[in-house]
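One structure is given below, encoded as structure tokens.
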Protein chains: 2
Amino acid sequence: MTTPEEQSPLWIDAETTVAARPADHKMELRLWLRLLSCSRLIENDIRRHLNAEFDFSLPRFDILAQLDRADAGLVLGEVSKRLMVSAGNITSLVEGLVKSGHITRTTSSGDRRAQVIRLTDKGRREFRRMAKVHGDWIARYFEHLSQKDIDKLMDLLASLKDSTRETILARQQP
Amino acid sequence: MTTPEEQSPLWIDAETTVAARPADHKMELRLWLRLLSCSRLIENDIRRHLNAEFDFSLPRFDILAQLDRADAGLVLGEVSKRLMVSAGNITSLVEGLVKSGHITRTTSSGDRRAQVIRLTDKGRREFRRMAKVHGDWIARYFEHLSQKDIDKLMDLLASLKDSTRETILARQQP
DNA sequence: CGCCGATAGTTTAATTCTAAAATAATCGCT
DNA sequence: AGCGATTATTTTAGAATTAAACTATCGGCG
């Protein structure tokens, strides 16, 4: 409680835990920034590749990727949720993908508010072609990590995702 | 090294390593998607908060954050590099921050091409006020993780960043 | 049935972002 | 000194993004 911070005071005992430290949160901030920079580094590189080699944008690719796993198609809201982007954003991307012939869009039979989108044959063909190369790029970002590190990272990120979700939820219902 | 992937084919022996496996790269792809979703989850939440509580945008906040650590100010290119966003993007954000009185911008004395930006008193004051709360938000995303997990995650993300950089560099010079 | 709150999408306005071309200044050489 | 390559930034055109207001539909309940 009375503890000075980041200078690593050696006299901190085992009871002086995270919660008991003063609220500087320097460690967590650094962790977040590190996470963000990994993410941007990779995302930017993927975007550049996709543009350069296939003349295709990353958000468009992301939508096709969601659809490739969903044979029955997906409702727009579901796509929005999975990609974690706003609903309004999906509308125009979908419009473009319909126009370019990669997907179809139909009103759900059960619910006339809902729009279901599906890959066309062309869409699936082109997505698969890109996805093959895309998988190779991705794997290379991790190629200097051991399998053990990769497994551990998987675990930790799963925990982080859970932790974050919980935190966000908790704040919405006090 | 010997780890089977998610279908757990028990017959894969110890020699069937990453390199020897067929090039599906499923594991790496999942890892990347998990990293991305942690990142977006947190980033979106921070953005919402900053907007709701301070009526300030995340990219603007990010620029102030860089400047708060740099008393001598920063050259635009350096800001662009650190935030990993394109140079053209910085130009207009800086313009806005100058207009709102949070930063100043002067031509570098040594190099008339370069523009140096610095926090104004107002900018520093307002940034610090926001940063205090911001630090608290961030810490909460990690609050369900042990200190050990946080440390491990720090390590692994550092390795990943290195690995990724190496991969990206290697591709540019064959 | 008929209203009412919730849900699915779209629209709108404004911001953020990128890639690529243009501008301007510096640096390294000869 | 001056030329050519490099570097720092700006401009441009267009895509992606969000929040918030709006429209249409659904589902439940009196």
Side-chain angles (χ1 to χ4, degrees), chain A residues 36 39-64 73-100 102-103 105-117, chain B residues 36 39-64 73-100 102-103 105-117:
Chain A
L36 185 60
S39 185
R40 285 202 181 159
L41 201 54
I42 295 178
E43 189 168 359
N44 288 343
D45 198 57
I46 294 174
R47 192 203 332 281
R48 272 190 294 272
H49 268 265
L50 220 43
N51 280 334
E53 299 182 24
F54 298 111
D55 192 32
F56 211 82
S57 81
L58 182 51
R60 283 162 59 87
F61 180 86
D62 286 342
I63 292 181
L64 298 192
L74 286 175
V75 157
L76 293 197
E78 188 55 30
V79 176
S80 164
K81 228 175 280 173
R82 293 198 192 180
L83 298 180
M84 290 190 267
V85 298
S86 67
N89 190 13
I90 298 293
T91 299
S92 58
L93 285 167
V94 161
E95 194 177 52
L97 286 167
V98 169
K99 196 170 297 181
S100 63
H102 292 91
I103 65 176
R105 162 196 162 131
T106 51
T107 299
S108 161
S109 53
D111 182 344
R112 271 180 305 171
R113 292 169 306 178
Q115 304 289 312
V116 179
I117 56 177
Chain B
L36 184 61
S39 185
R40 286 201 180 162
L41 201 53
I42 295 178
E43 188 169 359
N44 287 344
D45 198 57
I46 293 174
R47 191 203 330 282
R48 271 191 295 270
H49 267 265
L50 221 43
N51 280 335
E53 299 183 22
F54 299 110
D55 192 31
F56 212 81
S57 82
L58 183 52
R60 283 162 60 86
F61 179 87
D62 286 341
I63 291 181
L64 299 192
L74 286 175
V75 156
L76 294 198
E78 187 57 29
V79 177
S80 163
K81 227 176 280 172
R82 293 197 192 180
L83 298 179
M84 290 189 266
V85 299
S86 67
N89 190 13
I90 300 292
T91 299
S92 58
L93 286 168
V94 162
E95 193 176 53
L97 286 166
V98 169
K99 196 170 296 179
S100 63
H102 292 90
I103 66 175
R105 162 196 162 131
T106 53
T107 299
S108 160
S109 53
D111 183 344
R112 272 180 303 170
R113 291 170 304 180
Q115 303 290 312
V116 179
I117 56 177

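Throughout, protein chains are lettered first and strands after them, A, B, ... in sequence-line order, and every chain is numbered starting at 1. Source: prediction; values computed, not measured.
B/R105 comes within 4.0 angstrom of the backbone, heavy atoms only, and of no base. Within the nucleic acid shown, B/A87 comes within 4.0 Å of at least one base atom, counting heavy atoms only. B/G77 comes within 4.0 angstrom of sugar-phosphate atoms only, judged by non-hydrogen atoms across all strands, and of no base. Among the heavy atoms of the strands lying under 4.0 Å from A/S57 are primed sugar atoms or P, OP1, OP2 only; no base atom is included. Note on A/I90: nothing from the nucleic acid sits closer than 4.0 angstrom, heavy atoms only. Counting any heavy atom pair closer than 4.0 Å across all strands shown, A/N89 reaches a base atom.
Looking only at side-chain heavy atoms (C-beta outward), A/V75 and A/Q115 stay at 4.5 Å or farther from each other. Residues A/N44 and B/M84 have side chains in contact (heavy-atom distance under 4.5 Å, counting atoms from C-beta outward). By the 4.5 Å heavy-atom criterion applied to side chains, B/L76 and B/I117 are counted as neighbours. B/R60 places a side-chain heavy atom less than 4.5 Å from the side chain of B/S100. Under the 4.5 Å side-chain criterion, counting only non-hydrogen atoms from C-beta, B/R105 is not in contact with B/L97.
For B/T91, the listed nucleotide lying nearest its side chain is D/dT11; candidates were D/dA16, D/dT25, D/dT11.
Contact check on A/K99 versus A/E95 returns no salt bridge, with no Lys/Arg side-chain nitrogen under 4.0 Å from an Asp/Glu carboxylate oxygen. With salt bridges taken as basic N to acidic carboxylate O contacts below 4.0 Å, none links B/E43 and B/R48.
The main-chain N or O of B/V85 is found under 3.5 Å from a side-chain atom of B/S80 such that the two form a donor-acceptor pair.
Each of B/I63, B/V79, B/I103, B/V116 was compared with B/L74 under the side-chain contact (heavy atoms from CB on, under 4.5 Å) criterion, and only B/V79 meets it.
Of the two residues near DNA chain D, A/E43 and A/D111, the one whose nearest nucleotide lies more 5' is A/E43. Position along DNA chain C of the nearest nucleotide to B/S109 versus B/L58 favours B/L58 as the more 5'-ward residue.
A heavy-atom distance below 4.0 Å to DNA chain D is reached by none of the residues of residues 47-56 of chain A.
The nucleotide range of DNA chain C contacted by chain B, defined by atoms under 4.0 angstrom from heavy atoms of the protein and reported 5' to 3', is C/dT16 to C/dT26.
Side-chain N/O atoms of A/R47 and A/S57 include no donor and acceptor closer than 3.5 Å.
Note: CE (A/M84) to P (D/dT17) measures 13 Å, nearest angstrom. Distance A/D62 CG to D/dA15 C1': 14 Å, rounded to the nearest Å. The distance between atom CD of A/Q115 and atom P of D/dA24, rounded to the nearest whole Å, is 14 Å. Atom CZ in B/R60 sits about 19 Å away from atom P in D/dT18, given to the nearest Å.
Taking the six-membered ring where the residue is Trp, the centroids of B/H49 and B/F56 are separated by 6.0 Å or more.
In this structure, B/L50 CG and B/D55 CG are separated by 9.5 Å, a value rounded to the nearest 0.5 Å.
The base of D/dT25 has none of its N or O atoms less than 3.5 Å from a complementary donor or acceptor on the side chain of A/R112.
Relative to the axis of its first five pairs, the axis of the last five pairs of the helix from C/dC1-D/dG30 to C/dT30-D/dA1 sits at 10°, rounded to 10 degrees.
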